[in-house]
*Asks:* 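Have a look at the structure that comes next, please.
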Amino acid sequence: MVPSERVLKSRTFCSVQKMLVGLSRIWVEAGDIIFSLATFSWGCLYMMALVVVFLFLLVMELPPSWWKKRKPFTVIIEEKPSLKDIPGPLALPILGTRWIYSVRYDMDKVHEAYRDMFQRYGNVVKEEALWNFPVISLISKEDIEKVLRKSSKYPLRPPTEVTAHYRATRPDRYTNGGLVNEQGETWHKLCKLLTPELTSVQTMKQFLPEVNHVIDDFIRLIETSADQRTGAVTHFEELCNRVGLESTCTLILGRRMGFLERDSTSTVARKLAEAIQVHFCASRDTFYGLPFWKIFPTAAYKLLVQSEESIYDVVSQLVDSALSEERDTCKVEPVQSVFISILQTPGLDMRDRKAAIIDFIAAGIKTLGNTLVFLLYLIAKNKRAQNVLYEQLMAVIPSGNPITSNTLREIPYLRACLTEAFRLLPTAPCIARILEEDLKVSDGHQLYAGNVVLCHTWLACQDEKNFSRANEFLPERWLSNNELKKSPFLTAPFGVGRRMCPAKRFVHLELQVVLAKIVQHFELDYEGELGLYFEFLLGPRAPTKFIFKRRNT
Ligand code: HEM
């Protein structure tokens, strides 16, 4: 057991003891009161019993699970008074600061809320969830680095509590919370068994020819969807979600799904994309809203369950049909390995295998779709960069030729465009961690092991202190490599350390091919300005309207 874990466990034991002692006192006192009232009125007794049961449920059910496993906040306040000094919105007793998302800010603009809070309160901001559980937000480059550098064997990322809660109610489908939500040894085991093929350089090398085919189909889909006269494609974000789904399924299931054909199976893609959108929105609403879903199924919780079940059913069908056709129809030979390796890995329950495939596909569709819209928007709006990229592409890859690893290496500007797009518009605007050690941050504020910390990498990337001409799209800044060395933790769109996204290599490959092929085929434009929308991830506000003018090559 690592030392930080031991510390947490011993603290957990003390805090659980204190909590039990406290609760038993509450019960004794509540019992005394109830007993005396009983002599007064049975009706009154009934009401009091209901109130006590309700309070008990509140105490036991509402705090986040990782809080219950660690130090209750009240204890932290008593022993470590300096957390009190961290500025933030007015915290109400018990309810904390979650009221701001109903009164001061819109739930779909949480990204703007943080920008405003950093302006109001400084570099370290404290929000308080229910029962005044603290969530600390950091924006300074030095603070973010301090948190993300301290990566242990089992880094802790706060789980999406509501998903973990729902999965616990379906033991027929899930044996654990899954790779994204698990912690400690269970997470480590899943990571070790499920991700080696996905992260392998070899798998990606072999997958490249198939990526070329997928993107050629995407180009055809754009051509047939565009207005013949103007080249306009409205709701382009839907096409991006479809290519995200097709590519991820091709990689994970080892077979083409046909989501890029003009009509045939696209209803499945739309159904899945819609379910995933609802899932992200419901996750956001249950996270930023009051967590009464722990006591009764609120509207947001019901939506979450519906979307979880739709995603499970649709992906399950895809997996089952791929399974029934077995190896001989896994036409994309090199990537059979991801699917087959998950299915054949010893030490995993069939439920874990299916859940992992579902999680990978669900994790891919929206993230890839959003990222692609952002990337193409920035290229469309920056004609100079678009022209430089086009010239370089045409010099290295004659139009119509497939893209290979060698040609990709010869166009560093292509990768620089990706990194710059991730800096300006990442779909994951912050990285969350649970601290495993005490840490001193800006303005002398002391944080403690067990505190939940949000590292706002996106906002830090827009700060002139960290990047000159921070709001401009300048891919050139990444060509020297100095910039990357100066700020490896700020432009970290896939996270950092052992909990980093296992699909980073795949996404980089996919985005380079898609950008290269689109810029070779079309001159890109965008009508108006792109709006942003927060749904747990940062996404484009629909409808997005791109103009694709065919190039004469
Ligand atoms: C543009 C696309 C994507 C972006 C920007 C992205 C970003 C991220 C980020 C920021 C994290 C959290 C990392 C951390 O806490 O340090 C993450 C985790 C994860 N991502 Fe991605 N992701 C993308 C695509 C995908 C795809 C296509 C898959 C599946 C094939 C995937 C599967 C996962 C999984 C399983 C985790 C949890 C890893 C763990 O906790 O061990 N992601 N991703």
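Start at 1 with the first residue, then count along the sequence. In listed order, ligands and their atoms are each counted from 1. Bear in mind that the values here come from a model prediction, so they are computed numbers and not experimental data.
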*Asks:* With sequence neighbours left out, what residues match Ala503 under side-chain contact (heavy atoms from CB on, under 4.5 Å)?
*Replies:*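 So Ala503 forms a side-chain contact (heavy atoms from CB on, under 4.5 Å) with Cys501, Phe506, Val507.
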*Asks:* Quick one: side chain to side chain donor-acceptor pair (under 3.5 Å) partners of Tyr526, sequence neighbours excluded?
*Replies:*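 Partners of Tyr526 under the side chain to side chain donor-acceptor pair (under 3.5 Å) test: none.
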*Asks:* Around atom 1 (C) of ligand 1, find the nearest protein heavy atom and jot down its residue, atom name and distance.
*Replies:*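 I find the closest protein heavy atom is Thr371 OG1, 3.1 Å.
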*Asks:* In terms of atom number and element, which parts of ligand 1 are under 4.0 angstrom from non-hydrogen atoms of Trp187?
*Replies:* 39 (C), 40 (O), 41 (O)
*Asks:* Decide, yes or no, whether a salt bridge links Glu309 with Arg170 under the criterion of side-chain N to carboxylate O below 4.0 Å.
*Replies:* yes
*Asks:* Quick check on contacts: which atoms of ligand 1 are under 4.0 angstrom from a heavy atom of Pro493?
*Replies:*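 Near Pro493, the atoms of ligand 1 are 5 (C), 7 (C), 10 (C).
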*Asks:* In terms of residue, atom name and distance, what is the protein heavy atom nearest to atom 37 (C) of ligand 1?
*Replies:*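 Of every protein heavy atom, Arg157 NH2, 3.6 Å lies nearest to atom 37 (C) of ligand 1.
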*Asks:* Give yes if a backbone or side-chain nitrogen or oxygen of Thr427 is under 3.5 Å from a nitrogen or oxygen of ligand 1, and no if not.
*Replies:*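 No: no nitrogen or oxygen of Thr427 is under 3.5 Å from one in ligand 1.
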*Asks:* What protein heavy atom sits nearest atom 13 (C) of ligand 1, and how far off is it?
*Replies:*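 The protein heavy atom lying closest is Arg499 O, 3.2 Å.
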*Asks:* Thinking salt bridges, do Asp359 and Arg167 make one under a 4.0 Å N-O criterion?
*Replies:* yes
*Asks:* Give a yes/no verdict on whether any heavy atom in Arg433 is under 4.0 Å from an atom of ligand 1.
*Replies:* yes
*Asks:* Any heavy atom of Leu179 sitting closer than 4.0 Å to ligand 1?
*Replies:*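 A heavy atom of Leu179 does come that close to ligand 1.
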*Asks:* Test of understanding: given a 4.0 Å heavy-atom threshold, classify the contact between Val496 and ligand 1 as side chain, backbone, both, or neither.
*Replies:* backbone
*Asks:* Return the residue, atom name and 0.1 Å-rounded distance of the protein heavy atom closest to atom 30 (C) of ligand 1.
*Replies:*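 For atom 30 (C) of ligand 1, the nearest protein heavy atom is Phe360 O, 3.7 Å.
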*Asks:* Which residues pass the side chain to side chain donor-acceptor pair (under 3.5 Å) test with Thr427, sequence neighbours left out?
*Replies:* Asn370
*Asks:* May I ask you to say whether Lys150 pairs ionically with Glu436, meaning some side-chain N is under 4.0 Å from a carboxylate O?
*Replies:* no
*Asks:* Give me the ring orientation class for His508 and Phe494: parallel if the planes are under 30° apart, tilted from 30 to 60°, perpendicular past 60°.
*Replies:*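 Geometry flag for Phe494 against His508: tilted rings.
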*Asks:* For Phe548 and Phe522, run ring pair (Phe, Tyr, Trp, His ring centres under 6.0 Å): C-alpha distance rounded to whole Å, both residues' side-chain angles, the deciding distance at 0.1 Å, then the answer.
*Replies:* CA-CA 6 Å; Phe548 293 89; Phe522 306 103; 5.2 Å; yes
*Asks:* Distance to the ring centre below 6.0 angstrom and angle to the axis at most 45 degrees; does that hold for Arg477 and Phe467?
*Replies:*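 Geometry flag: not set, cation outside 6.0 Å or 45°.
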*Asks:* Should Arg115 and Glu112 count as an ion pair when the cut-off is N to O under 4.0 Å?
*Replies:* no
*Asks:* Between Asp463 and Lys141 (salt bridge meaning N to carboxylate O under 4.0 Å), is one present in this structure?
*Replies:*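 No, Asp463 and Lys141 are not salt-bridged.
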*Asks:* Which protein N, O or S atoms does atom 21 (Fe) of ligand 1 have within a distance shorter than 2.8 Å?
*Replies:*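 Metal shell, protein only: Cys501 SG.
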